[in-house]
Amino acid sequence: MSPILILAAVHAELAPMLARLDSPEPMNIAGRTAFTATMGNKKLIALVGGPGAVNTAQALTAAIEHLSPSLIVQTGCAGGFAEAGVSVGDVAVATEEIDIHMGLEADTEEKSVRLAPLPFALMERNGKEYRHRFLLDRDLAGDAMAAIRNRGLSGFHLHKGSFVSGSTITATQARAKSLFTLYCPVMESMEGAAAAHIALHYGIPFLEIRGASNLVGARNRDAWNLPLAFENSCACLMAVLQETM
Ligand SMILES: O=C(O)c1cccc(C(=O)CC[C@H]2O[C@@H](n3cnc4c(=O)[nH]cnc43)[C@H](O)[C@@H]2O)c1
């Protein structure tokens with residue numbers, strides 16, 4: 001039976017899900033901590049991939065090569081964009097992943113978040129070229145939204161839309177505003193585009209569900225709520241696993 005692979009950057013992002021599973025067993029995948037469990041007739045592998053794109057790419061590649069998962073679900077916390085109506089604790093499902101650090105710089109000295117697309121493709125699949133934007137499976141995202149809504153979870157709002165990923169955490173209102181003007185994203189993370197890229201490379205369906213631990217913009221550590229983001233994203237993840245797969 002091909003497992004469903006659940007991927008997060010740090011253990012705390014998976015902890016509320018592991019607490020809801022029957023006897024998850026620890027295992028090691030290429031130097032990374034992982035857990036295996038069953039849910040009904042499904043086999044789940046929950047993998048702690050590490051923060052950032054390189055950790056994500058290494059962990060996910062190793063897990064795919066060892067386990068041939070039928071589905072990859074990435075979860076964890078993220079910054080939410082207030083302009084998209086996101087509040088701390090809200091959950092969002094990604095319809096697209098955009099790598100905001102992948103591209104061609106403008107030929108001026110002016111600092112800008114706007115990059116032109118690369119003059120070459122990062123990969124080609126089924127006649128389509130991929131540079132910095134990875135459109136995700138709309139049906140999978142739609143089914144996940146429906147499963148979460150059916151569960152009647154309360155205390156937060158559910159969103160769907162584009163996610164941006166990069167190797168930095170946005171820490172000014174000006175950059176948050178520019179990113180929103182350019183891409184209309186709902187969430188910012190540091191791993192999503194890398195995971196979407198690897199999943200696409202192997203042709204494995206990919207779903208991303210994250211909880212907002214903070215708002216993207218001026219850094220106010222006191223306003224972050226990581227436990228709430230972990231709890232709400234895992235509640236939604238469990239709804240999706242139990243109701244759809
Ligand atoms: O600033 C701190 O003290 C601090 C403490 C714990 C964690 C952090 C992080 O920045 C975690 C980065 C981690 O979480 C995702 N994440 C969460 N919010 C954002 C964001 O606004 N922009 C980008 N990434 C975010 C990210 O995917 C990392 O895995 C800070």
Side-chain angles (χ1 to χ4, degrees), residues 5-17 32-34 46-60 63 72-94 96-102 113 115 132 134 136 156-157 159 161-199 206-234 236-237:
L5 181 65
I6 316 291
L7 174 69
V10 296
H11 182 274
E13 293 175 314
L14 294 172
M17 182 193 75
R32 309 279 178 183
T33 301
L47 172 63
V48 181
V54 174
N55 281 326
T56 298
Q58 186 273 340
L60 193 49
I72 298 160
V73 188
Q74 188 172 44
T75 193
C77 64
F81 282 84
E83 281 148 300
V86 179
S87 301
V88 170
D90 284 359
V91 175
V93 176
E96 181 184 29
E97 263 295 349
I98 304 167
D99 186 337
I100 54 176
H101 288 130
M102 189 65 72
V113 297
L115 298 175
H132 61 293
F134 299 89
L136 305 185
F156 60 89
H157 291 106
H159 307 264
S162 299
F163 286 19
V164 290
S165 300
S167 49
T168 56
I169 296 169
T170 295
T172 64
Q173 280 308 124
R175 185 171 168 84
K177 192 165 181 282
S178 299
L179 286 170
F180 191 78
T181 303
L182 279 174
Y183 303 118
C184 285
V186 290
M187 293 279 192
E188 175 185 87
S189 85
M190 299 177 70
E191 299 85 18
H197 185 150
I198 298 291
F206 176 75
L207 176 67
E208 185 177 3
I209 303 172
R210 287 185 184 262
S213 49
N214 58 286
L215 295 180
V216 178
R219 203 173 135 67
N220 176 7
R221 188 63 180 86
D222 291 343
W224 281 50
N225 194 336
L226 290 161
L228 183 66
F230 302 156
E231 179 58 39
N232 290 350
S233 55
C234 282
C236 291
L237 178 59

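Read the numbers this way: they start at 1 and go in the same order the structure lists the ligands and their atoms.
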Does some side-chain heavy atom of Ser189 sit less than 4.5 Å from a side-chain heavy atom of Gln74?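 With C-beta onward as the side chain, the pair stays apart.
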
Rounded at 0.5 Å granularity, tell me how far CG in Leu228 sits from OG in Ser87.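 That separation rounds to 10.5 Å.
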
Taking atom CZ of Phe230 and atom CG of Asn225, what is their separation to the nearest 0.5 Å?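 Separation between the atoms: 9.5 Å.
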
Shortest non-hydrogen separation from [X] to [Y] and the atoms involved:
X	Y	answer
Phe81	Ala176	CE2-O, 3.7 Å
Leu215	Val86	CD2-O, 3.3 Å
Ser213	Leu226	CB-CD2, 3.6 Å

Using a threshold of 4.0 angstrom between heavy atoms of the protein and any atom of ligand 1, which residues qualify?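 Its neighbours under 4.0 Å (heavy atoms only) are Ala9, Cys77, Ala78, Gly79, Ile169, Glu188, Ser189, Met190, Glu191, Arg210, Ser213, Asn214, Arg219, Arg221, Trp224, Leu226, given by chain and number.
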
